[in-house]
Number of protein chains: 2
Amino acid sequence: MRPEAILHALSDPVRAAIFTQISGQGCVEACSAFAVVGDKAIPKSSLSHHIKVLREAGLIRCERHGVEMRNHSRCSEVDQRFPGLIAAILGAYAQVRV
Amino acid sequence: MRPEAILHALSDPVRAAIFTQISGQGCVEACSAFAVVGDKAIPKSSLSHHIKVLREAGLIRCERHGVEMRNHSRCSEVDQRFPGLIAAILGAYAQVRV
DNA sequence: TTCAATAGTTCCGATATTCCGAACTATGGG
DNA sequence: CCCATAGTTCGGAATATCGGAACTATTGAA
């Protein structure tokens, strides 16, 4: 779990928004829940790519559940390794979105 | 000053190392001080680009001083806008470098 | 004032990344 | 078995990054 991968993953506002939603709820059923972020439509293939980047950065864990995918936040694990990092990043985005 | 620009700027380990040094000292005389990062040689043109990314993200301020450039950290300004962000990011990189 | 040296920037071609439509795969229900 | 739904993979176009070579800016010395 490398800091550069985490920062890169969250340096994209769309991915940051997706991760915010996942970590806010702890777990989000179905990737298609992110088909629209803000007011922007995200194509399936792009969405798949974004989820993959978040997964490979160690930010989320995905498990198949029937025909869809459950996206779990790995916030606590990341926070254990890099204390305060996630909170500061999501906090910064929250500032801007006010 | 946008979070995505800050994260993008610091998602590159070379830039993160440069910024760590600048903010550790508050101000670094001459960009050429970063000609070698870790054990890796950085070409002038790449260095110039990295400094520009850090500057445009609002992380540093550069002023010409004679023939060279003084690179000042803008840590405190960033911290005022996005509390804890810089500390958490540099802390994460420090973890890894141990 | 002209010249040389040093510090950075700009340009541009090569390489790598990102984006997204289309085709593909996997799972469950009728 | 087939269809519908959810996601992944593929591939080409657009975009970004890297770095050598040429350029600009500033200073100090002849």
Side-chain angles (χ1 to χ4, degrees), chain A residues 2-19 21-22 25 27-74 93, chain B residues 2-19 21-22 25 27-74 93:
Chain A
R2 293 165 311 133
E4 58 265 42
I6 294 175
L7 297 189
H8 172 250
L10 296 179
S11 70
D12 180 309
V14 169
R15 282 195 294 264
I18 292 174
F19 181 64
Q21 190 176 336
I22 294 176
Q25 303 179 213
C27 164
V28 169
E29 209 71 42
C31 300
S32 52
F34 314 112
V36 175
V37 168
D39 56 352
K40 190 183 172 194
I42 313 293
K44 281 208 304 180
S45 57
S46 304
L47 196 46
S48 184
H49 167 71
H50 285 318
I51 298 278
K52 185 181 180 186
V53 172
L54 290 171
R55 182 163 23 83
E56 290 182 346
L59 290 164
I60 64 175
R61 181 168 39 82
C62 307
E63 60 187 38
R64 198 173 253 288
H65 201 251
V67 78
E68 54 192 27
M69 223 70 172
R70 263 182 199 168
N71 303 287
H72 298 264
S73 168
R74 293 183 64 190
Y93 274 110
Chain B
R2 293 165 310 134
E4 57 265 41
I6 294 175
L7 297 189
H8 172 250
L10 296 179
S11 70
D12 180 312
V14 170
R15 283 195 293 263
I18 291 174
F19 181 65
Q21 190 176 337
I22 294 176
Q25 302 180 213
C27 165
V28 169
E29 209 71 40
C31 299
S32 52
F34 313 113
V36 174
V37 169
D39 56 352
K40 190 183 173 193
I42 313 293
K44 282 207 305 180
S45 57
S46 304
L47 197 46
S48 184
H49 166 70
H50 286 318
I51 298 278
K52 184 180 180 188
V53 171
L54 290 171
R55 180 162 25 84
E56 290 182 346
L59 290 164
I60 63 175
R61 181 168 39 83
C62 307
E63 61 189 36
R64 198 174 253 284
H65 201 251
V67 78
E68 54 193 27
M69 223 69 173
R70 264 184 197 165
N71 302 286
H72 298 264
S73 169
R74 294 183 62 189
Y93 274 109

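In what follows, every chain begins at residue 1, and chains take the letters A, B, ... in the order their sequences are listed. What you see is a predicted model, and the numbers here were worked out from it, not measured in a lab.
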Starting from [atom2] on [N], measure out to [atom1] on [X] and report it in whole angstrom.
X	N	atom1	atom2	result
B:Ile51	D:dC18	CD1	P	14 Å
B:Lys52	D:dC18	NZ	P	13 Å
A:Glu4	C:dT17	CD	P	14 Å
A:Leu47	D:dT5	CG	C1'	15 Å
B:Glu68	D:dA25	CD	C1'	13 Å
B:Glu63	C:dA7	CD	C1'	16 Å
B:Arg70	C:dG8	CZ	C1'	16 Å

Practice task
Using atom types as modelled and distance alone, determine if a side-chain donor or acceptor of B:Ser11 lies under 3.5 Å from a backbone N or O of B:His8.
Solution key: yes
Practice task
For B:Arg15 and B:Ala9, indicate whether the former's side chain and the latter's backbone hold a donor-acceptor pair under 3.5 Å.
Solution key: yes
Handout entry: Spatial distance of atom CZ (B:Phe19) from atom CZ (B:Arg74) [nearest 0.5 Å]
Key = 10.0 Å
Problem - Nearest heavy atoms of B:Tyr93 and B:Ala16, plus distance in Å - result: CE1-CB, 3.5 Å
Exercise for the section: Please list, chain by chain and in numerical order, all residues satisfying side chain to side chain contact (heavy atoms under 4.5 Å, CB included) with A:Arg70, sequence neighbours excluded. Expected result: A:Cys27, A:Glu29, A:Glu63, A:His65, A:His72
Problem - Single hit among B:Asp12, B:Leu10, B:Val37 for side-chain contact (heavy atoms from CB on, under 4.5 Å) with B:Ile18 - result: B:Val37
Exercise for the section: Heavy atoms under 4.0 Å is the rule here; annotate nucleotides 18-30 of chain C 5' to 3' with B where the base is hit, S where only the sugar-phosphate is, and - elsewhere. Expected result: SSBBB----BS--
Handout entry: N/O (side chain, A:Ser32) to phosphate O (OP1/OP2, D:dG7) under 4.0 Å
Key = yes
Practice task
Considering just the side-chain nitrogens and oxygens of A:Ser48, establish if one lies under 4.0 Å of OP1 or OP2 belonging to D:dG7.
Solution key: no
